[in-house]
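Take a look at the structure set out below.
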Amino acid sequence: MKEKEKITPARIIITVILVFLCVMWTIPTIGIFVTSFRTADAASSTGWWKALKNLGDFTLDNYNQVLFGQRYNVGNATGTQTVRGATMLSAFLSSIAVTLPSVIIPILIAAAAAYGFAWLDFKGRNVLFGMIIALLVVPLQISLIPILRDYNKIGLNGSYLGIWLAHTGFGLPLATYMMYNYISSLPRSILESAFIDGASHFTTFVRLILPLSMPAIASFAIFQFIWVWNDMLVSLVFLSGAGQKLQVVTVRLMNMAGTRGTDWHLLTAGAFVSMILPLAVFLGLQKFFVRGLLAGSVKG
């Protein structure tokens with residue numbers, strides 16, 4: 001029977017500090033959440049901590065405007081017409097179209113590269129792997145201008161393919177490094193058994209290595225998904241030529257802040273809409289997260 005751990009003063013102090021930090025970290029998020037349900041007048045006149053004093057100030061109209069577009073009265077020759085502005089829902093779908101391929105493509109390429117570096121013996125393997133690791137220090141932001149010039153020449157600016165290639169190219173070094181650490185720690189006897197049964201390298205990689213590497217794949221998928229989803233600069237640069245139809249959630253929120261800087265009730269609602277999918281991805285893959293990060297750190 002496991003012995004019960006003793007409650008020491010040091011443990012109590014650490015617990016109190018952690019609870020305090022969690023509360024302090026959560027308070028701004030609670031404030032944003034409450035504000036997202038308040039009316040425009042209430043959000044601009046009183047603080048969110050006074051919201052419970054008047055429950056009539058709460059409304060779902062903020063999310064309705066964010067998801068389905070805010071109504072505007074536009075005058076023309078025949079009279080006044082009510083139209084809806086750009087919606088967060090369309091930006092949400094655009095972010096999904098940008099993020100999913102930017103996660104899946106580098107995973108597939110990096111897993112194949114990591115398998116080659118870990119189990120195939122070829123000339124210059126260590127040099128090539130060292131060059132890939134060195135690319136970890138090169139951020140995408142410093143290459144925006146030369147890449148944008150090339151995209152304009154070949155017609156990729158303002159397209160999903162261009163931003164997929166950018167995120168894939170600069171996500172590959174980290175993906176290859178993480179996948180290599182995990183794949184190289186797998187027992188060699190598993191691969192030898194597959195080769196004895198007549199499996200080729202491709203069959204071994206697809207049917208054996210990829211399923212066994214799910215912790216490492218999930219760990220990188222979390223990093224890459226959150227990075228691409230929260231990115232604004234790269235999307236703003238490479239999708240600028242496509243107008244509003246390809247705007248992602250971060251760019252749409254930036255435009256909301258620029259054109260409606262006083263409408264905090266809409267900005268907070270849009271922020272929470274943009275948080276839904278990354279939070280679901282992290283919670284869904286968190287059981288693999290630590291296993292993937294620690295892969296290869298301990299031998300034996």
Which pair of non-hydrogen atoms, one from M232 and one from T250, has the smallest distance, and what is that distance?
CA-OG1, 3.6 Å

Does L120 reach the side chain of H201, with side-chain heavy atoms less than 4.5 Å apart?
yes

I276 with L267, same ILVMFWY side-chain cluster at under 4.5 Å
no

Taking the side chain from W229 and the backbone from S274, do they hold a donor-acceptor pair closer than 3.5 Å?
yes

Do the side chain of S94 and the main chain of S90 share a donor and acceptor less than 3.5 angstrom apart?
no

Applying the 4.5 Å side-chain criterion to the ILVMFWY set and letting contacts propagate, would V234 and L135 be lumped into a single cluster?
yes

Counting N and O atoms only, with roles assigned by atom type, does the side chain of S235 sit under 3.5 Å from a partner on the main chain of V248, one being a donor and the other an acceptor?
no

State, yes or no, whether a side-chain contact exists between F58 and T39 at a heavy-atom distance under 4.5 Å.
no

Looking at L21, I want to see if its CG is surrounded by more than 12 non-hydrogen atoms of other residues, nucleotides or ligands under 6.0 Å.
yes

What is the distance from atom CD1 of I217 to atom CD1 of I183, rounded to the nearest 0.5 Å?
7.5 Å

Could you measure the distance from the CD1 atom of I32 to the CE atom of M275? Nearest 0.5 Å is fine.
7.5 Å

4.5 Å side-chain heavy-atom contact, I190 and L212
yes

Is D231 reaching over with its side chain to a backbone N or O of W227, donor-acceptor style, under 3.5 angstrom?
no

Without hydrogens or angle criteria, can the side chains of T203 and S200 be said to hold a donor-acceptor pair below 3.5 Å?
yes

When you look at CZ of R207, are more than 12 heavy atoms from neighbouring residues, nucleotides or ligands closer to it than 6.0 Å?
no

side-chain contact (heavy atoms from CB on, under 4.5 Å) for L239 and V98? Distances and angles first, verdict last.
CA-CA 10 Å; L239 296 180; V98 168; 4.1 Å; yes

Cluster link I109 to I209, ILVMFWY, side chain under 4.5 Å:
no

Taking the six-membered ring for Trp, are the ring centroids of F129 and F117 within less than 6.0 Å of each other?
yes

Main-chain N/O of L210 paired to S213 side chain as donor or acceptor, under 3.5 Å
no

Can you tell me how far apart CD1 (I107) and CE (M179) are? Round to the nearest 0.5 Å.
7.5 Å

F122, CZ atom: more than 12 neighbouring heavy atoms under 6.0 Å:
yes

For the residue pair S219 and Y182, confirm or rule out a side-chain donor-acceptor distance under 3.5 Å.
no

Between CG of L148 and CG of N152, what distance do you get to the nearest 0.5 Å?
4.5 Å

To check you understand the geometry: which heavy-atom pair defines the closest contact between P211 and M214, and what is its length?
O-CG, 3.4 Å

Can you hop from F170 to L108 via hydrophobic side chains spaced under 4.5 Å?
no

Using every non-hydrogen atom in the two residues, find where W119 and R188 come nearest and quote the distance to one decimal.
CE3-NH1, 2.7 Å

Is there a continuous path of hydrophobic side-chain contacts, each under 4.5 Å between heavy atoms, that joins I104 to L165?
no

First locate atom CD1 of I147, then atom CG of L156, and finally report the distance between them rounded to the nearest 0.5 Å.
11.0 Å

Any idea which heavy atoms bring P106 and A175 closest together, and the distance?
O-CB, 4.2 Å

Measuring centre to centre across the rings, with the benzene-like ring taken for any Trp, is F37 within less than 6.0 Å of Y63?
yes

Can you check whether F238 and W164 have ring centres sitting under 6.0 Å from each other?
no

Please report the interatomic distance CZ(F205) to CG(L208), rounded to the nearest 0.5 Å.
11.0 Å

State whether the side chain of T99 and the backbone N or O of I96 hold a donor-acceptor pair below 3.5 Å, judged by distance alone.
no

Check the surroundings of atom CZ in F92: do more than 12 heavy atoms from other residues, nucleotides or ligands lie under 6.0 Å from it?
yes

Within-4.5 Å side-chain heavy-atom neighbours: I133 and L136:
yes

Donor-acceptor under 3.5 Å (Q224 side chain, G171 main chain):
no

Indicate yes or no for a side-chain donor-acceptor contact from S36 to the backbone of A269 under 3.5 Å, with no hydrogens or angles considered.
no

Shortest non-hydrogen contact from G270 toward V66
CA-CG1, 3.8 Å

Less than 4.5 Å apart, any side-chain heavy atom of F272 and any of T29?
yes

Can a donor-acceptor pair be found, under 3.5 Å and without considering hydrogens, that links the side chain of N157 to the backbone of Y151?
no

Donor-acceptor pair, R38 side chain versus T59 backbone, under 3.5 Å?
no

Tell me the closest heavy-atom pair linking A114 and T176, and the distance in Å.
CB-O, 4.0 Å

Close side-chain approach of T204 to L191, heavy-atom, < 4.5 Å:
yes

